[in-house]
Amino acid sequence: MKNENELFLIEDLIKKIVDNPNDATSYLQLAGLYLNKKEYDLAINVYESLLNVDSTNFAALTNIGSIYFYKKEYNKAITYYDRAAGLRTNNFSVFYNLGNAYAEIGSFKEAMSNYIKALNIDKSNYQIYSAIALLYQDKLNYEEALVYFEKALELDNENSENYVNTGLVLMKLSRYVEAAKYFKKAADLSENKEKEYVYCANAYSAAKDYEKADRYFSRALKLNPNYYHAYLCLAISLYEQNNINKAIEIYTKAISINPYAPNAYLLLGNLYFSLEKYYEAIALYNKVTTMCPADSNAYTLLGNAYVMQKDLLSAILSYRQAIDIDSENDELKLIYIEIVQEYIDTKNSGEVLNAAK
């Protein structure tokens with residue numbers, strides 16, 4: 001019945017548009033119906049039809065921009081948001097959205113410019129301070145990011161995400177105990193606390209207060225015994241405490257929970273690598289390359305393990321795979337060239353020795 005009603009409404013709105021092509025309301029209502037059905041391309045077509053009639057329709061411009069942003073077509077989103085911004089120079093949302101789109105394509109200057117315009121329109125919206133903070137965070141300017149995250153908290157101190165963001169920046173600044181306090185506040189405000197408990201545990205582990213770290217890992221796993229990420233973080237903490245056997249046990253537990261996720265295999269492989277157990281590391285890295293054939297890091301780690309085993313030909317093949325995936329990695333190319341040269345030198349040395357015999 002619902003589908004029949006929607007079809008009736010759509011047909012009725014199309015008829016209204018045909019009868020009165022200048023009726024913006026009908027276009028907007030029709031596009032809204034398509035949006036509700038997640039038929040985004042049809043919605044765009046309707047908005048574009050409206051813009052053919054009225055090129056300055058603010059709602060059509062901003063809505064198309066938002067659809068393209070949702071579809072991660074950020075340059076197209078910018079085009080429409082920019083046109084909308086030219087129509088309403090005192091609209092907070094359009095400059096905020098424009099800043100977000102520029103941030104997504106890594107244009108720091110343009111993103112900041114639009115965020116500042118939004119800020120000048122509305123200084124009471126915590127989201128703009130968070131957005132500017134995230135921009136500074138992406139530029140690794142954690143001191144500035146902290147200033148803006150704290151300002152966001154001043155405006156909204158009941159939002160757990162604000163506390164988490166502030167805590168994460170404090171972690172980057174090596175202020176681990178302070179970070180834990182923010183994560184605990186986030187947990188107090190959150191309904192599903194296991195994520196915040198893991199943040200707390202990581203902060204205390206980084207501060208080498210392992211007793212508190214273990215306490216928060218236990219809280220998180222009590223709430224969610226199958227929390228994959230918590231097991232990974234716990235295993236890392238145990239390794240830092242030199243509790244190797246327990247760390248291996250926890251990584252194995254994580255793998256049993258999610259055997260199709262690569263992280264535990266990689267981390268356990270790295271652990272075995274650090275113990276000079278290269279066969280075990282290679283077996284785990286090979287699992288990841290099978291599961292994630294486009295993971296250049298897995299091939300690089302595999303190459304490193306083969307080098308330690310003196311299996312230079314296998315190392316060369318692994319590095320070559322990594323380079324094919326990550327062709328812009330100049331550091332990896334240098335390693336590859338060095339290993340190729342070492343392999344050639346080794347082969348030549350062997351041939352000289354054989355000739356001498």
Side-chain angles (χ1 to χ4, degrees), residues 171-172 198 201-202 205-206 208 210 213 217 226-354:
M171 290 287 288
K172 292 292 186 181
V198 172
N202 287 339
S205 184
K208 302 192 184 306
Y210 297 117
F217 280 128
N226 293 317
Y227 192 2
Y228 178 81
H229 182 68
Y231 285 107
L232 298 187
C233 294
L234 173 57
I236 292 169
S237 179
L238 289 165
Y239 178 78
E240 290 171 355
Q241 298 174 58
N242 206 32
N243 193 343
I244 304 301
N245 291 335
K246 188 66 176 177
I248 292 171
E249 178 187 327
I250 296 299
Y251 280 132
T252 304
K253 173 70 174 177
I255 289 169
S256 72
I257 290 170
N258 192 347
Y260 302 106
N263 306 70
Y265 294 103
L266 284 174
L267 290 168
L268 183 54
N270 292 345
L271 185 154
Y272 280 127
F273 187 97
S274 73
L275 298 175
E276 300 182 5
K277 294 185 176 183
Y278 303 119
Y279 286 106
E280 291 87 344
I282 286 168
L284 289 159
Y285 296 148
N286 270 321
K287 279 185 177 292
V288 178
T289 60
T290 301
M291 295 163 56
C292 307
D295 187 339
S296 65
N297 181 52
Y299 283 106
T300 301
L301 293 170
L302 186 58
N304 295 343
Y306 279 128
V307 168
M308 298 307 294
Q309 276 194 319
K310 307 299 182 185
D311 185 350
L312 298 183
L313 182 57
S314 294
I316 288 167
L317 294 173
S318 297
Y319 288 139
R320 183 69 257 172
Q321 287 272 46
I323 291 169
D324 287 345
I325 297 165
D326 185 8
S327 60
E328 302 299 315
N329 193 327
D330 292 332
E331 183 180 353
L332 182 57
K333 290 176 184 177
L334 287 174
I335 295 171
Y336 173 75
I337 292 168
E338 288 175 7
I339 299 303
V340 169
Q341 187 59 56
E342 185 178 345
Y343 177 72
I344 292 170
D345 292 344
T346 302
K347 290 280 288 182
N348 289 340
S349 296
E351 290 173 3
V352 169
L353 287 172
N354 289 332

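From a predicted model like this one, the values you see are computed outputs, not experimental measurements.
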Exercise. Measuring from Ile282:CD1 to Leu301:CG, what's the distance to the nearest 0.5 Å?
Worked result: 11.5 Å
For this session: Apply side-chain contact (heavy atoms from CB on, under 4.5 Å) to Leu284 and list each qualifying residue two or more places apart in sequence or on a separate chain.
Result: Tyr265, Leu268, Tyr272
Seminar exercise, completed: Minimal heavy-atom distance between Leu271 and Ser274, with the atoms involved, is O-OG, 2.6 Å
For this session: Write out all pairs satisfying salt bridge (Lys or Arg N to Asp or Glu O under 4.0 Å) with one or both partners inside residues 234-251, taking only residues at least two apart or from two chains.
Result: Lys246-Glu249
Exercise. Residues in salt bridge (Lys or Arg N to Asp or Glu O under 4.0 Å) with Asp324, at least two apart?
Worked result: Arg320
Problem set entry | Check against ring pair (Phe, Tyr, Trp, His ring centres under 6.0 Å), Tyr319 and Tyr299 | CA-CA 6 Å; Tyr319 288 139; Tyr299 283 106; over 10 Å; no
Problem set entry | Set of residues satisfying salt bridge (Lys or Arg N to Asp or Glu O under 4.0 Å) with respect to Glu342, sequence neighbours excluded | none
Exercise. How many angstroms lie between atom CG of Leu234 and atom NE2 of His229, to the nearest 0.5 angstrom?
Worked result: 11.5 Å
Problem set entry | Working for side chain to side chain contact (heavy atoms under 4.5 Å, CB included), residues Tyr228 and Asn263 | CA-CA 10 Å; Tyr228 178 81; Asn263 306 70; 3.7 Å; yes
Exercise. What is the minimum heavy-atom distance between Ser237 and Ser205, and which atoms define it?
Worked result: OG-OG, 2.9 Å
Problem set entry | Closest heavy-atom pair and its distance - Gly303, Ala315 | O-CB, 3.5 Å
Exercise. Do the side chain of Ser256 and the main chain of Lys253 share a donor and acceptor less than 3.5 angstrom apart?
Worked result: yes
Exercise. Between atom CG of Asn297 and atom CG of Asn329, what is the distance when rounded to the nearest 0.5 Å?
Worked result: 10.0 Å
Exercise. Is the side chain of Tyr306 donor-acceptor paired with the backbone N or O of Ile316 at a distance under 3.5 Å, no angle test?
Worked result: no
For this session: Can you see which heavy atom on Tyr251 is nearest to which on Ala264, and at what distance?
Result: O-CB, 4.1 Å
Exercise. Is a side-chain donor-acceptor pair under 3.5 Å present for Tyr285 with Ser318?
Worked result: no
Exercise. Has the side chain of Thr300 got a donor or acceptor atom that lies under 3.5 Å from a matching backbone atom of Ser296?
Worked result: yes
Exercise. Which distance, rounded to the nearest 0.5 Å, do you find between the CD1 of Ile236 and the CG of Asn270?
Worked result: 9.5 Å
For this session: Just grab all the salt bridge (Lys or Arg N to Asp or Glu O under 4.0 Å) pairs involving residues 272-281, residues at least two apart or on different chains.
Result: none
Seminar exercise, completed: Taken to the nearest 0.5 Å, the spacing of Lys333 NZ from Asp326 CG works out to 8.5 Å
For this session: Could you tell me whether Tyr278 and Phe273 have their ring centroids closer than 6.0 angstrom?
Result: yes
Exercise. Does the side chain of Tyr343 reach to within under 4.5 Å of the side chain of Leu313, using non-hydrogen atoms?
Worked result: yes
Would you list the atom pairs, donor with acceptor, under 3.5 Å between side chains in residues 287-294 and any protein atom, with sequence neighbours excluded?
from: Thr289; atom 1: OG1; to: Asn286; atom 2: O; distance (Å): 2.8
from: Thr290; atom 1: OG1; to: Asn286; atom 2: O; distance (Å): 3.0

Problem set entry | Separation between CD1 of Ile339 and CG of Leu334, rounded to the nearest 0.5 Å | 11.5 Å
